[in-house]
Structure formats: C-alpha cells, structure tokens
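For ligands, and for the atoms within them, numbers begin at 1 and follow the listed sequence. Please read all numbers here as calculations on a predicted model, not as lab measurements.
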Amino acid sequence: MPERADRLRDALLAADFTADGLLELLGAPAYAALARSETVPALRATRADGPLATLVRLFLLQRPVPRERARAVLPLDEALADGWVAEDGDRIRATVDVRPYGGPEGQDWFIVSDLGCAVGGAAGASGRGEGVVLGVGGASTTLAGITVRTPVASALDLGTGSGIQALHAAQHATRVTATDLNPRALRFARLTLALSGAPEADLRTGSLFEPVASETYDLIVSNPPFVISPGARLTYRDGGMGGDDLCRSLVQQAGDRLNAGGFAQFLANWQHVEGEDWQERVRSWVPRGCDAWIVQREVQDVTQYAELWLRDAGDHRDDPERYADRYEAWLDEFERRGTKAVGFGWITLRKSGAEDPSVVIEEWPHPVEQPLGEAVRAHFARQDYLRTRDDAALLADHFVLAPEVMQEQVGLPGAEDPEHVVLRQNRGMRRATKVDAVGAGFAGVCDGTLSAGRILDAIAQLMGEDPVMLRDRTPRAIRLLVEEGFLEPATGA
Ligand SMILES: C[S@@+](CC[C@H](N)C(=O)[O-])C[C@H]1O[C@@H](n2cnc3c(N)ncnc32)[C@H](O)[C@@H]1O
C-alpha cells in the first residue's frame, strides 16, 4: 500500500501537479478563483490536453476524463482498485479531491478530502451527509500557523480530518498520532500523509481523548468541531455537545494528556453569556498545572454567527422556508442559553506545572503576521522569565529592543510635542502600545549594554527626575513591555 501511494505521488509530481505548476497552467486569476471555489476560469484554462490539465480536471474540477488520458498520467489500475477514482462509462472520475498544497519550506504536499469542499467550507458539498471530510480552510491554516514547531518526540492531532495538521506535525515530531470520530477522515488522512511523502501516523478512531486515554504528548493540536449549533448535523463542525461544551472538555482534558513542558493548541468558539464575563468563562476551562494564552480574534452577534454557518452548509440555497426554520432553530438555541454573541479565538496551554500559572486572556482582533508559532513559544518563555524576576532583579537585567519595533508619534500637525508615542511591532502579533517619554527613551536605549537600572538613572539625570522615584515606578512598565514582546531580555528568554 505505501508503495502504491508512492507511485501515485510520483505520477502527480511527474505531471507537475503542484502549487507552482497549477499557478503556471491556470494563471493567477483562475488560480485565485479556484481558491474561492469558482471553477469556470480553471475549466477554460484546461481546455487544451496535457497531463497537468487532465489531473486538474479530474481531481480539482470533478470532470470525468477519457480513460486513456487518465491512464497516461496515473497508475490507473491501482487508483481504481484503491477507490480514489472510479469508472464512469468509458471515462474516469475522481472519488476524492486531491489538491496540491505547498508546505512551509516549499514542499510539494497533497491534501485529500471529499469532492467539492476543499476550499471555504462545505457549501459546495451540501447534501453530502454528515460525514463529509473537508479540505484546507482558513481555520486549518490558522492553526497550522500558530502551532509551536519545536522538534518533539510525540504529537497528537485530534480531529485530523484531511490530515493537514498531522502532516505539518510530521515535519518536527518523531511520532504523530491522529484521531477522528469519522473513520472516513482517517482514510483520507492516511493518503494525505503518504502522497506528501510523510511517515505513516498512528491513526485512531474515536471521540475527543478516548482513543488516547492513557497516553501523553509533547504537542497536541486540534481544530475541533467548535461550532455552537442547535444540534449535530455536520461532523466536521457540529460537535454534538451543547453550547461550547466540546471546546471546554477538550481544553479541560488536555492538561492530563500533556508531557511536562508540552503545548496544546486549539481553535475554539466560546459563548458570551448574558451577565457573565467571557474572559472568566474561558479562564475556568484552563486545567491545573498549565499556563495559558487565550486570544479572542473575533466576536460575532448571534445573527451573524447563525448566518455564517447556515451559509457554510449551503442552507441559503435551500427552500426559503426551510432556511427560515433553520435560522429560527439557531436563534432559539442561543436564546435558551442566554448567549448574546460568540467569540472565536486561539487557546494555547503549556504544561508548566507552575503553582501560580500565567493565564493571559486578551482580545486582539488586529492583523498578525503568520506563522506565529515562534511568537507563541516566545510568549511562554517570557512568562517563565518574568515569573522569576522581582522588580530589583528586573532592574539589574539587560534588555534589547525586539527586531522591527518602530516608534510612532501621534498628534496634531505642527504641534511641538506629540500627544502620545506608540511603539509598534512589525512582526508577529504586530502589537502597538502607548508609552510615555521615559518608556520611549528607555526602549530606544535598550541594546543590551546597560542594565535597566543604569538606563533609568541616566534618563532621570537627563530629565531632572529623582532616580529613586523613577526606579520605583518604572518596573511595571518594563514588565509590560517584556510581556508583550517589545523588549527581550539580553540573556535570551
Ligand atoms: C473542523 S474539522 C478539522 C479538520 C482538520 N484537522 C483541519 O485542521 O482542517 C474537525 C474534525 O474533527 C472531527 N470530529 C468531530 N467530532 C469529533 C470528536 N468528538 N472527536 C474527535 N474528532 C471529532 C471531524 O470529523 C473533523 O474531521
């Protein structure tokens, strides 16, 4: 079986069925249209014969191709026997979507999913039933981007679907376990890994942590079925537990499945409930012994949320009365639960074993620079560093300004002094923070040469301030600048 996948992979590569090859054949507009699930421009671009055009028509555009043309590009008998293609009269049609996917280092990978839903939700596959297996969507690439990519011995991808997270994990984890409630998904994940030249993963069927109940991992990732819906309908998104219970269970149970120092990273949705602070809600999910960083990226009111997922399932193309009934069902469910809105975001846990864990919960809806895995790792390293430093220790340490931090002065044109000064990161989270004259001066001097205390003494002298007072009141601001990644300890946190 692995040799058969190798032969299929070789055939795909020989035809240049890669992200670059597609771009060249289709041209940028048709390529981009395909990513929006629009197939007409790509159909026009593949009218001429050729091995690549045959594969694009077969696997991406779901058009049957003449048997002899399929035989010229594929190990046809094996692909037929394995069920990846099927006979359709004297033509051959694909039974799955196989889509080139460029890895982070330019690798030529392939993602296998159900036909018609490789990009942008299942709307194209509506009516396919609850077990539809999705390809790569925005959520998949977001999670892949924020995942910490430190080399590890073991990784778990929970709810693997097409296998995309397992494929990424296979690049830096010695052993990868991938689970899914849906056995069809595991069949697809196996082919995704094999076609992409990744080692086989340990594939297990089952719900949440059940299939790995006695094991622990260095890295756990999950893009779970996080949608808060009125009932289980589509396995890839409706978890079948009430409200945000599936995300809560995942996060709560992850602590016991992590090795010391290990990371668990999730995409999640959480309810904003009348009379309750959303931050307190998600804080209560964090398991004991784990540090956490929870970022709310977006909030949608219940109508926006219901419409998003109704469209995702293609319900807007259905009979208007059924659409209205379904819409009502979503709103009824939210009303019953006192839900006013839903938050979307990222949850990262790190098993620190700390008695007083660092739990940072924030709202950051602004653009970020993906991949963020290194920024996530560094966030926790900085928390470790700050945990060990009281104010005196902080003043004795040396700091450097993080790369690509710029200063912006904001105020009325022509005014002598700016109204405020902002430090802005051009990398990672792309944070911005207001600083006063001392903060700006301090950050500007931080090149690791002088200790923080010595810098403050010099600033006090320049500004005619009392150095003792300055040493007294500044550590809080320094702590914040370090916590948010504007300053880095010169010793290397
Ligand atoms: C949103 S898809 C994510 C697929 C893929 N990991 C990605 O990032 O694109 C969620 C996956 O979780 C699976 N799933 C649903 N309920 C589950 C459960 N209770 N336990 C484990 N997996 C589940 C679905 O079958 C689906 O493959």
Side-chain angles (χ1 to χ4, degrees), residues 96-97 99 101 103 109-114 117-123 125 128-147 155-170 176-193 196 198 201-213 219-229 231-254 257 264-269 308-309 312-313 344 346-347 370-371 373:
V96 290
D97 183 303
R99 198 158 286 242
Y101 173 73
W109 289 344
F110 300 95
I111 304 291
V112 184
S113 66
D114 263 319
C117 58
V119 182
R128 289 196 149 265
E130 63 178 31
V132 63
V133 177
L134 282 201
V136 177
S140 325
T141 48
T142 297
L143 178 62
I146 64 170
T147 301
L156 168 67
D157 172 17
L158 194 155
T160 192
S162 67
I164 177 179
Q165 310 300 338
L167 173 58
H168 278 277
V176 176
T177 303
T179 68
D180 208 290
L181 185 63
N182 180 356
R184 294 182 67 241
L186 295 178
R187 191 167 168 257
F188 289 1
R190 177 177 285 116
L191 188 62
T192 289
L193 292 168
S196 303
D202 180 353
L203 301 171
R204 303 189 196 179
T205 313
S207 184
L208 300 179
F209 288 105
E210 268 167 28
V212 294
L219 174 69
I220 298 172
V221 288
S222 185
N223 168 13
F226 51 65
V227 180
I228 300 169
S229 57
R233 221 177 121 212
L234 294 164
T235 310
Y236 73 84
R237 62 169 222 198
D238 305 311
M241 292 168 86
D244 51 19
D245 276 358
L246 185 131
C247 289
R248 179 181 54 75
S249 308
L250 258 183
V251 176
Q252 284 178 334
Q253 292 173 27
R257 304 272 66 81
Q265 300 192 265
F266 308 99
L267 299 185
N269 279 187
L308 172 70
W309 297 111
D312 170 80
F344 293 66
W346 315 328
I347 297 182
Q370 284 271 37

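For the pair R184 and D114, the salt-bridge criterion is met [side-chain N within less than 4.0 Å of a carboxylate O].
For N223, a nitrogen or oxygen atom sits less than 3.5 Å from a nitrogen or oxygen atom of ligand 1, counting backbone and side chain alike. No N or O atom of L246 sits closer than 3.5 Å to an N or O atom of ligand 1. No N or O atom of S162 sits closer than 3.5 Å to an N or O atom of ligand 1. Considering both main-chain and side-chain atoms, S140 comes within under 3.5 Å of ligand 1 through a nitrogen or oxygen pair.
Residue contact check: G161 has heavy atoms under 4.0 Å from atoms 4 (C), 27 (O) of ligand 1. Close approach of ligand 1 to G206 (heavy-atom distance below 4.0 Å) involves ligand atoms 20 (N), 21 (C). Against a heavy-atom cut-off of under 4.0 Å, N182 is close to the following atoms of ligand 1: 25 (O). In summary, the atoms of ligand 1 found under 4.0 Å from a heavy atom of I164, numbered by their order in the structure, are 7 (C), 8 (O), 9 (O).
Under 4.0 angstrom from ligand 1, the non-hydrogen atoms of T235 come from both its backbone and its side chain.
Within the structure, the closest approach of G163 to ligand 1 does not fall below 4.0 Å when heavy atoms are considered. Residue P225 places a heavy atom less than 4.0 Å from ligand 1. A heavy-atom separation below 4.0 Å is not found between L143 and ligand 1. Assignment of T179 to the shell around ligand 1 is not supported, since no heavy atom sits closer than 4.0 Å. Using 4.0 Å as the threshold, L134 has no heavy atom nearer than that to any atom of ligand 1. Within the structure, ligand 1 has Q165 among the residues with a heavy atom less than 4.0 angstrom away.
Here the straight-line distance linking atom OG1 of T147 with atom CG of L219 works out to 6.5 Å at 0.5 Å rounding. In this structure, D157 CG and T177 OG1 are separated by 9.5 Å, a value rounded to the nearest 0.5 Å. In this structure, T160 OG1 and L181 CG are separated by 13.0 Å, a value rounded to the nearest 0.5 Å. Rounded to the nearest 0.5 angstrom, L143 CG and L267 CG are separated by 4.5 Å.
Annotation: atom 19 (N) of ligand 1 to nearest protein heavy atom, S207 OG, 2.9 Å. At the shortest separation from atom 1 (C) of ligand 1 among protein heavy atoms lies Y236 O, 3.0 Å. Closest to atom 5 (C) of ligand 1, if we only count protein heavy atoms, is T160 O, 3.3 Å. Looking from atom 12 (O) of ligand 1 to the surrounding protein, the closest heavy atom is G159 CA, 3.4 Å. With respect to atom 20 (N) of ligand 1, the closest heavy atom belonging to the protein is L208 N, 2.8 Å. Nearest non-hydrogen protein atom to atom 22 (N) of ligand 1 is L181 N, 3.4 Å. For atom 25 (O) of ligand 1, the closest heavy atom belonging to the protein is D180 OD1, 2.6 Å.
Proximity of I146 to Q265: side-chain heavy atoms (C-beta onward) are separated by under 4.5 Å at one or more points. Side-chain contact check for T192 versus F110: every heavy-atom pair is 4.5 Å or farther apart. The shortest distance between side-chain heavy atoms of L208 and L250 falls below 4.5 Å. In this structure the side chain of D312 reaches within 4.5 angstrom of the side chain of R237, judged on heavy atoms. You'll find the side chain of V96 reaches within 4.5 Å of the side chain of F188, heavy atoms only.
Under the 30°/60° scheme for interplanar angles, the aromatic rings of W309 and F344 are found to lie parallel.
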>> Does D238 form a side-chain hydrogen bond (donor to acceptor under 3.5 Å, both in side chains) with S229? I'd like the steps, not just the answer.
In response: CA-CA 6 Å; D238 305 311; S229 57; 2.9 Å; yes

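Using modelled atom types, one finds no donor on one side chain facing an acceptor on the other under 3.5 Å when comparing N182 with T235.
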